[in-house]
Every structure is written in structure tokens, then in C-alpha cells.
Amino acid sequence: MAGKAAKVGVLALQGDVREHAALLEGLGADVVLVRRPEELAAVDGLVIPGGESSVIDKLSRIFGMQEPIRAAIADGMPMLGTCAGLIMLADSVADAIDGQESFGGLDVVVRRNAFGRQVESFEAELEVPALGEEPVKAAFIRGPVVESVGADAEVLAALPDGRVVAVEQGNLLGISFHPEITGETRFHERFLDRVAARS
Ligand code: GLN
């Protein structure tokens, strides 16, 4: 990739695609909305937004994206999944709808809708040591919780009661909440650093 600017994609099948694209552009990234295998092949990293994981799953299969995304994960492409995006990156999903599949890659079990319904959405200040001292302002909107963390994955953040809400494994980063709506840029910066280190 020498001599070429790193391009990053936002998976644009469903969810809050625009918020992620705007945040990444604000950080100077060259952003492509990814709906097709050719678009995925043209990027060096992928953000999987929040939305509804069962819909993202269905559309990814209809659009022929499931296998290319799995292959990109296996190949080490950096990815950041938020909320439904974390569910898509989890090896195992609890409380999934019938037949729901994920891309996998993170050695974790996540439980969908673990914090209850939309009206039970909340914001919390989170300590995320890997991102520095300043706490993260995290917005939880029907988010998943990481119920168990396998040997290959690492915990980046947990709520004060111990529930895990951010994990990392190699070039994959998955978080239960929505940094793109609280103006928190450090997860995306971490993702872009991974992209830069690889391209
Ligand atoms: N509850 C949604 C799901 O299961 C996730 C919600 C979100 O991404 N804000 O996919």
C-alpha cells in the first residue's frame, strides 16, 4: 500500500452510518461507504456501526458480504464494531433471533439487549485505561454486554458493577456503546492507528 493514503470503510447496510463517517472524516480519514465486496476490497479497515444486528446480518448475507467480511477478519483487517457492530464481531451471540449469525472474530459471548429496552438507555462515564486517564462518556442504547471473554480477547472497559463493555483482540475492537454520539473520538483514533500500522 506504499504511497497510497489509507482508506477506511463504514459498513453501510443499516444503522448510524453517517455519524461514524462524519467522525472518521473529522479525524482526516478517507471514508468509503461499504455495501459490496468490491468496496470492501478497496479499504484498509472497516467500522461496523450500531443499529440492529439481526438486520445487518440479514442484509450482509443478501448483499454477499458475510464471506468477504469473514475473510477480511481472518486476514487481519482492522475493524471497530459499536453496539450492533460488536454483536456482529462476536464469536457467539446470546439472545439472538432465530437463525441470526455473526461475522465472528472476537473470542467472546455477547448478550443482545442486555440493558433492557430503548427507554432504559443511559450514559455513563467509563474508565478505559488503554485510552488514557480521561474517562469515556459512553451512551448505551439497547446495547449488548460481553458475558464471557475467552482466552484470546482482552477487556478494555467494564462498568463499575463489572459488566464488560469493551474488548479487543488483535486488530478487532468491539464496544457496547456509541462513542460517535457523545463526541468521543479515541476509539476511532485507535482504529485508525491500527489501519496506519498495517497499510
Ligand atoms: N439491540 C441492537 C441489536 O441487537 C443493538 C442496538 C444498537 O446498536 N444501538 O443489534
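Everything quoted here is computed from the prediction, not taken from an experiment. First listed ligand is number 1; within each ligand, the first listed atom is number 1.
- Ranked by closest heavy atom to atom 6 (C) of ligand 1, the top entry among G143, G50, G51 is G51.
- For the pair E123 (side chain) and K137 (backbone), a donor-acceptor distance under 3.5 Å is absent.
- The part of R112 lying near ligand 1 is the side chain, judged by heavy-atom distances below 4.0 Å.
- Contact detail for V195 and G45: the closest heavy-atom pair is CG2-CA, 4.0 Å.
- Below 3.5 Å of separation, one finds an N or O of S53 facing an N or O of ligand 1.
- Defined by atom type and a distance below 3.5 Å, a donor-acceptor pair is present between the side-chain atoms of E52 and S54.
- Using a 4.0 Å cut-off to heavy atoms of N113, the atoms of ligand 1 that qualify are 1 (N), 2 (C), 4 (O).
- Nearest approach of Q169 to A153, heavy atoms of both residues: OE1-CB, 3.6 Å.
- R111 has a carboxylate O that lies under 4.0 Å from a charged side-chain N of E147, or vice versa, which qualifies the two as a salt bridge.
- Any N or O atom pair closer than 3.5 Å counts here, and I141 shares at least one such pair with ligand 1.
- In terms of N/O distances under 3.5 Å, ligand 1 is approached by R142.
- Under 4.0 Å from ligand 1, the heavy atoms of I87 that appear belong solely to its side chain.
- Shown in contact with C83 at under 4.0 Å from a heavy atom are these atoms of ligand 1, numbered in order with element: 5 (C), 6 (C), 7 (C), 8 (O), 9 (N).
- Counting all heavy atoms, side chain and backbone alike, E180 lies closest to L23 at CA-CD1, 3.6 Å.
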